[in-house]
Amino acid sequence: MTIFKKIVLYFPRRLVDQPIVSRLVKEYNLDFNILKASVTPDEEGLMVLELEGEQEDYDKGIRYLTETGIRIQSLSQNVIRNEERCTHCGACVTICPPGAFELDYVTRRVNFNNDKCVACGLCLKACPPRAMELHF
Ligand code: SF4
Ligand code: SF4
């Protein structure tokens, strides 16, 4: 059975330059599409991937990634903003790797674009009134 998944990979610093993702193709027959790659404030590498392949190959590929020390998050998690709590302080704007927050200079409000969110969770701790919430 062919499956299609979106996941986030967190690379520790020592692995950032390694050709890890290309091994998913060569050794595990998985097709991938990189949707986003960046470095978090902790200098961890972050990559959002779409993976497609047979379930068995996918499971082996994920096992390989975790055994190398990569943390994996499935995008079945969803981060939403509690609009009643948000004070538009702007603390989340620069810490979000894919840039899901945008300051509107006219209204002085912070807009949240959920489509860009990769559910990394960084804004949950950074938000003073805890307006960002993780839902499963
Ligand atoms: S850090 Fe929290 S309160 Fe401040 S703008 Fe972002 S979501 Fe709103
Ligand atoms: S969880 Fe927060 S910091 Fe992470 S991508 Fe989504 S909005 Fe940005």
Side-chain angles (χ1 to χ4, degrees):
M1 181 181 68
T2 302
I3 58 158
F4 184 83
K5 299 239 183 186
K6 261 194 207 179
I7 56 173
V8 187
L9 308 182
Y10 295 92
F11 293 78
R13 259 199 219 172
R14 66 186 166 84
L15 294 176
V16 166
D17 297 333
Q18 303 295 312
I20 284 168
V21 175
S22 61
R23 286 187 65 184
L24 293 175
V25 180
K26 289 186 199 149
E27 296 180 25
Y28 300 98
N29 305 313
L30 295 170
D31 283 335
F32 72 89
N33 184 18
I34 298 175
L35 301 177
K36 177 81 193 170
S38 63
V39 175
T40 70
D42 297 335
E43 298 193 6
E44 212 181 23
L46 177 150
M47 188 180 284
V48 184
L49 276 184
E50 280 177 341
L51 282 178
E52 186 176 356
E54 294 300 312
Q55 178 78 59
E56 202 184 330
D57 292 331
Y58 175 82
D59 292 344
K60 285 181 187 163
I62 292 295
R63 201 173 313 132
Y64 155 68
L65 291 174
T66 50
E67 281 171 0
T68 57
I70 292 171
R71 188 157 57 86
I72 301 173
Q73 185 178 34
S74 161
L75 281 185
S76 57
Q77 298 178 73
N78 193 20
V79 170
I80 62 162
R81 183 165 74 176
N82 183 331
E83 298 299 335
E84 287 178 5
R85 285 197 169 184
C86 177
T87 57
H88 299 273
C89 68
C92 53
V93 175
T94 53
I95 61 126
C96 174
F101 298 99
E102 203 173 47
L103 178 61
D104 182 327
Y105 288 97
V106 178
T107 62
R108 308 297 300 170
R109 291 173 71 86
V110 174
N111 298 322
F112 172 49
N113 184 347
N114 188 268
D115 290 344
K116 285 190 177 176
C117 174
V118 297
C120 70
L122 287 175
C123 61
L124 273 71
K125 286 186 199 152
C127 173
R130 299 285 186 260
M132 301 307 293
E133 299 171 353
L134 185 61
H135 290 248
F136 294 89

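One-based numbering, in listed order, for ligands and for the atoms of each. Just so you know, these numbers come straight off a predicted model, no measurement behind them. Quick note: residue numbers are just sequence positions, from 1.
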> Just heavy atoms, cut-off under 4.0 Å: does C123 contact ligand 1 by side chain, backbone, both, or neither?
Replying inline: neither
> Under 3.5 Å, is there a donor-acceptor pair linking the side chains of N111 and E102?
Replying inline: no
>> I need the minimum non-hydrogen distance between F32 and L51, along with the two atoms involved.
In response: CB-CD2, 3.6 Å
> Looking at atom 4 (Fe) of ligand 2, what's its closest protein heavy atom, distance included?
Replying inline: C120 SG, 2.3 Å
>> Please give me the minimum heavy-atom distance between L24 and Y64, naming the atom from each residue.
In response: CD2-CD2, 4.1 Å
> Quick one: which ligand 1 atoms are inside 4.0 Å of a heavy atom on C86?
Replying inline: 3 (S), 5 (S), 7 (S), 8 (Fe)
> Numbering the atoms of ligand 2 from 1, which are under 4.0 Å from a heavy atom of F112?
Replying inline: 7 (S)
>> With a 6.0 Å cut-off (strictly less than), is the heavy-atom count around NZ of K36, excluding the residue itself, greater than 12?
In response: yes
> Charged N to carboxylate O under 4.0 angstrom, K60 versus E56?
Replying inline: yes
> Any Lys/Arg nitrogen of E133 or R85 sitting under 4.0 Å from an Asp/Glu carboxylate oxygen of the other?
Replying inline: no
>> Students should be able to answer this: which protein heavy-atom is nearest to atom 5 (S) of ligand 2, and at what distance?
In response: V118 N, 3.3 Å
> What atoms of ligand 1 come closer than 4.0 angstrom to any heavy atom of C127?
Replying inline: 1 (S), 2 (Fe), 3 (S), 7 (S)
> Considering only protein heavy atoms, which is closest to atom 6 (Fe) of ligand 2, and at what distance to one decimal place?
Replying inline: C117 SG, 2.4 Å
> By number and element, which atoms of ligand 1 are closer than 4.0 Å to a non-hydrogen atom of G90?
Replying inline: 4 (Fe), 5 (S)
> Of the backbone and side-chain N, O or S atoms of C96, does one lie nearer to atom 6 (Fe) of ligand 2 than 2.8 Å?
Replying inline: no
>> Counting non-hydrogen protein atoms only, what is the nearest one to atom 1 (S) of ligand 2? Give residue, atom name and distance.
In response: G121 N, 3.2 Å
> Which heavy atom of G53 sits nearest a heavy atom of L30, and at what distance?
Replying inline: CA-CD2, 3.7 Å
> For the residue pair I34 and A37, what are the closest heavy atoms and their distance?
Replying inline: CG2-CB, 4.3 Å
> Taking non-hydrogen atoms only, is R81 closer than 4.0 angstrom to ligand 1 via side chain, backbone, both or neither?
Replying inline: side chain
>> Within ligand 1, which atoms have a heavy atom of M132 less than 4.0 Å away?
In response: 7 (S)
> For ligand 1, which atoms sit closer than 4.0 Å to a heavy atom of P129?
Replying inline: 3 (S)
> For ligand 2, which atoms, with element, lie under 4.0 Å from some heavy atom of F101?
Replying inline: 7 (S)
> How about C89: does one of its N, O or S atoms come closer than 2.8 Å to atom 6 (Fe) of ligand 1?
Replying inline: no
>> Looking at H88, is its backbone amide N or carbonyl O close enough to the side chain of R109 to form a donor-acceptor pair, meaning the two atoms are under 3.5 Å apart?
In response: no
> Does the side chain of R81 reach to within under 4.5 Å of the side chain of E83, using non-hydrogen atoms?
Replying inline: yes
